[in-house]
Amino acid sequence: MPSPPDFDTILFDVSDGVATITLNRPDRLNALTTPMSQEMLAALKSCARDERIRCVVITGAGRGFSAGQDLTELAHVPDDWTVGDHLRRGYHRLILAMHDLEKPIIAAVNGVAAGAGLGVALAADMRIASAKASFVAAFIGIGLAPDSGVSWHLQRLVGPARAFELLTTGRKVSAEEALSMGLVNQVVPADALDETVAALARQFAQAPTRAIGLTKRVLNKAATATLAEALEYEAQIQDIAIQTEDHREGVEAFLQKRPPRFSGQ
Ligand code: LHQ
């Protein structure tokens, strides 16, 4: 297994089955540059390849989670640059890699998540927020429509009316309000964020990883399927899940009245 590459704009740490990707441009509130989204994608590919990794945590260094696209980068683009290609080559690959990764991804939202930074937080499977976190659909503030999957994820999480409001007003949402609208799973005091996320990540790292990956697959399919299609897909996926070692172990442990020891296989 190749060791994780050296990164300049993110930190990548793997321990006890948990990979932590830390966006690491704290003086810019972890605003996203092209190298940074490439490095995040490379880190996620490592997470997909490495069977020892059974949970991924994404967080930000310093007081921000991510302020979205680094706006200074846009001041120095070549003449033939288009935003569509910038999105297709960068953010689309990143957001789809998160969506398609068959392992749980937790966003530990330590501070502000804005624009494409909000897109990254929303593409995670769960969001645990510090009480100091906030959420800003910053696109409208610079005269843009949503990108980075925010149009897709936000309305699924908070419903179309709230999504419209947040996207068109650019209003900053506090962690508590985010919790009340279903944008985050949990809010904890700032000094309890690391510990809370570590406990959840540990739980995932000892869970039946294949079944979690397959759960992501059925949820993704169900998001755009009819009920009949979703039922059929569930049946096909269960045919796969029932053949895993962790299914056998789960049943055996239940019958032997002992806790299961899931290997992730
Ligand atoms: C930043 C940024 C930033 C650079 C703070 N860039 N430096 C994709 C593709 C192509 C086109 C465009 O869009 C996209 C998707 C997007 O992400 S669009 C949205 C882009 N993001 C924004 O418009 C957010 C801009 N930032 C803000 O509105 C505020 O900074 C927020 C609300 C995030 C945080 O406010 P504060 O907590 O008051 O912090 P601050 O504004 O003082 O920022 C701290 C520093 O970080 C500051 O630098 P300085 O040298 O003055 O200390 C900011 O300039 C810098 N910074 N965001 N996106």
Side-chain angles (χ1 to χ4, degrees), residues 8-11 21-41 44 58-99 107-124 127 129-158 162-178 181 183-184 187 190 193:
D8 293 325
T9 63
I10 63 171
L11 306 174
I21 298 171
T22 305
L23 313 185
N24 194 27
R25 303 181 66 232
D27 53 332
R28 303 276 98 188
L29 298 179
N30 305 314
L32 298 159
T33 57
T34 300
M36 195 168 183
S37 61
Q38 284 168 349
E39 290 186 357
M40 289 172 74
L41 183 61
L44 286 164
I58 301 181
T59 193
R63 74 177 176 89
F65 178 76
S66 170
Q69 168 68 43
D70 188 315
L71 297 175
T72 63
E73 187 180 50
L74 301 185
H76 311 285
V77 293
D79 287 345
D80 59 354
W81 183 90
T82 69
V83 69
D85 285 342
H86 179 70
L87 291 168
R88 286 181 200 101
R89 290 192 194 117
Y91 296 108
H92 292 195
R93 290 178 184 165
L94 175 60
I95 298 299
L96 286 171
M98 292 177 69
H99 186 76
V109 189
N110 53 303
V112 65
L118 177 65
V120 170
L122 299 189
R127 281 152 293 286
S130 150
K132 289 187 178 164
S134 57
F135 300 84
V136 193
F139 310 94
I140 201 72
I142 54 169
L144 292 180
D147 60 34
S148 315
V150 171
S151 62
W152 200 87
H153 284 116
L154 189 63
Q155 66 177 320
R156 280 172 169 75
L157 287 166
V158 304
R162 281 194 178 120
F164 180 86
E165 181 210 334
L166 298 182
L167 289 166
T168 54
T169 64
R171 179 167 77 76
K172 188 187 270 194
V173 170
S174 69
E176 281 306 328
E177 187 184 358
M181 58 171 74
L183 195 54
V184 301
V187 177
L193 182 65

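Here the structure is a predicted model, which means the values were calculated and not measured. Numbering of ligands and ligand atoms starts at 1, following listing order.
For atom 21 (N) of ligand 1, the nearest protein heavy atom lies under 4.0 Å away. Within a 4.0 Å radius of atom 28 (O) of ligand 1, the protein contributes no non-hydrogen atoms. Distance screen at 4.0 Å: atom 15 (C) of ligand 1 has a protein heavy-atom neighbour inside the cut-off. Atom 46 (O) of ligand 1 is approached by the protein to below 4.0 angstrom, counting heavy atoms only. Within a 4.0 Å radius of atom 57 (N) of ligand 1, the protein contributes one or more non-hydrogen atoms. Closer than 4.0 Å to atom 41 (O) of ligand 1 lies none of the heavy atoms of the protein.
No donor-acceptor distance shorter than 3.5 angstrom exists from the side chain of Arg171 to the backbone of Leu166, with no hydrogens or angles considered. A donor-acceptor pair is defined here as one N or O able to donate and one able to accept, closer than 3.5 Å; such a pair exists between the side chain of Arg127 and the backbone of Ala121. Side-chain N or O atoms of Ser130 include one that pairs as donor or acceptor with a backbone N or O of Lys132 at under 3.5 Å. For Arg63 (side chain) and Gly111 (main-chain N/O), no donor-acceptor pair under 3.5 Å exists by modelled atom type. The backbone N or O of Asn30 sits less than 3.5 Å from a side-chain atom of Ser66, completing a donor-acceptor pair. Using a distance-only test at 3.5 Å, with no hydrogens or angles considered, no donor-acceptor pair links the side chain of Thr22 to the main chain of Gly60. The main-chain N or O of Thr34 is found under 3.5 Å from a side-chain atom of Glu73 such that the two form a donor-acceptor pair.
The shortest contact between atom 9 (C) of ligand 1 and any protein heavy atom is with His86 CD2, 3.6 Å. Closest to atom 8 (C) of ligand 1 among all protein heavy atoms lies Asp147 OD2, 3.3 Å. Counting only heavy atoms of the protein, atom 12 (C) of ligand 1 lies nearest to Leu144 CD1, 3.5 Å. Annotation: atom 50 (O) of ligand 1 to nearest protein heavy atom, Arg28 NH2, 2.7 Å. The closest protein non-hydrogen atom to atom 11 (C) of ligand 1 is Leu74 CD1, 3.6 Å. Of all protein heavy atoms, the one lying nearest to atom 6 (N) of ligand 1 is Leu71 N, 2.9 Å. Of the protein's heavy atoms, Ala67 CB, 3.9 Å lies nearest to atom 2 (C) of ligand 1. Scanning all protein heavy atoms for the shortest distance to atom 34 (C) of ligand 1 gives Leu29 CD1, 3.6 Å.
Which parts of ligand 1 touch Gly115 is read off a 4.0 Å heavy-atom cut-off, strictly below it: atoms 17 (O), 19 (C). For ligand 1, the atoms lying closer than 4.0 Å to a non-hydrogen atom of Asp27 are 45 (C), 46 (O). Set against the non-hydrogen atoms of Gly68, the atoms of ligand 1 under 4.0 Å away are 17 (O).
Between His86 and Trp81, the angle of the ring planes lies from 30° to 60°, which puts this pair in the tilted group.
Considering backbone and side-chain atoms alike, Ala116 places an N or O below 3.5 Å from some N or O of ligand 1. Close N/O approach between Thr72 and ligand 1 is not found [any backbone or side-chain N/O within under 3.5 Å]. Of the N or O atoms in Val83, none lie within a sub-3.5 Å distance of an N or O in ligand 1.
Expressed to the nearest 0.5 Å, how far OG1 of Thr169 lies from CZ of Phe164 amounts to 9.5 Å. Atom CG of Leu11 is separated from atom CG of Asn24 by 4.0 Å, given to the nearest 0.5 angstrom.
The existence of a salt bridge linking Glu177 and Lys172 is excluded, since no basic side-chain nitrogen approaches an acidic carboxylate oxygen closer than 4.0 Å.
In terms of heavy-atom proximity, Asn110 sits nearest to Phe65 at OD1-CA, 3.5 Å.
Contact annotation for Ile142 and ligand 1: only side-chain heavy atoms (C-beta onward) come within less than 4.0 Å of the ligand.
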Should Glu39 and Thr9 be marked as a side chain to side chain donor-acceptor pair (under 3.5 Å) after you check the CA-CA gap, both sets of side-chain angles, and the distance that decides it? CA-CA 7 Å; Glu39 290 186 357; Thr9 63; 2.7 Å; yes
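At a 4.0 Å cut-off, at least one heavy atom of Arg63 sits close enough to ligand 1 to count as contact.
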